[in-house]
Peer 1: 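Below is a structure I'd like to ask you about.
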Amino acid sequence: MLKALLVSSAVVGSAVLGSPAIAGPLYFNPEANVGATGANGVGGADVDLHVGIEGNGAYAQIGPMIRVPDTGTDTEVGISGKAGYGFGPGYTELSFATIDSDTSFNLKVGGKFDL
């Protein structure tokens, strides 16, 4: 499975970077996202275990996503990924997550400014 993740990441990375798949360093990016609501408190968590590639202001990463619900139901495993590009102080990122046959997409656009 790790070999498939590395190959997938390299393919996505080369498409985003517009150069050979080994254009930038590979990296591992574990990330936990925990939900919360005002009425119920802390919700479930999604844990991403991504392998990525970056270079020339762009990056792409892909890997398994482990969904740990707060309801005591079984943990689910899916796949998620993201690709982004930084330009001056701005950046944009497109991400996706798939579990079973449900796929969600998110677009993030923002900026980072020195104070």
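Computation of the quantities below employed the complete heavy-atom set of this structure, encompassing side-chain atoms and omitting hydrogens, waters and symmetry-equivalent molecules.
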Peer 1: Scan residues 91-101 for pairs that pass salt bridge (Lys or Arg N to Asp or Glu O under 4.0 Å), counting only residues two or more places apart or in two chains.
Peer 2: Glu93-Lys108
Peer 1: Is there side-chain contact between Ile79 and Ile62, with heavy atoms separated by less than 4.5 Å?
Peer 2: yes
Peer 1: Which pairs would a plain distance check flag for residues 44-53, meaning a side-chain donor or acceptor within less than 3.5 Å of a matching protein atom at least two apart in sequence or in another chain?
Peer 2:
| residue | atom | partner | partner atom | Å |
| --- | --- | --- | --- | --- |
| Asp46 | OD1 | Arg67 | NE | 2.8 |
| Asp46 | OD2 | Arg67 | NH2 | 3.1 |
| Asp48 | OD1 | Ser80 | OG | 2.9 |
| His50 | ND1 | Gln61 | NE2 | 2.9 |
| His50 | NE2 | Ser80 | O | 3.2 |
| His50 | NE2 | Ser80 | OG | 2.7 |

Peer 1: Can you tell me how far OH of Tyr27 sits from CD of Glu54, rounded to the nearest 0.5 angstrom?
Peer 2: 5.5 Å
Peer 1: Kindly give the cluster partners of Phe113, where membership spreads through any ILVMFWY side chain lying under 4.5 Å from a current member.
Peer 2: none
Peer 1: Cluster partners of Tyr85, using ILVMFWY side-chain heavy atoms under 4.5 angstrom, listed by chain and number?
Peer 2: Phe87
Peer 1: Can you name the residues that form a salt bridge (Lys or Arg N to Asp or Glu O under 4.0 Å) with Glu31, not counting sequence neighbours?
Peer 2: Lys82
Peer 1: Members other than Ile99 in its cluster, when Ile, Leu, Val, Met, Phe, Trp, Tyr link by side-chain heavy atoms under 4.5 Å?
Peer 2: Met65
Peer 1: Suppose we screen for side-chain contact (heavy atoms from CB on, under 4.5 Å). Which residues come up paired with Phe105, at least two apart in sequence or across chains?
Peer 2: Phe96, Thr103
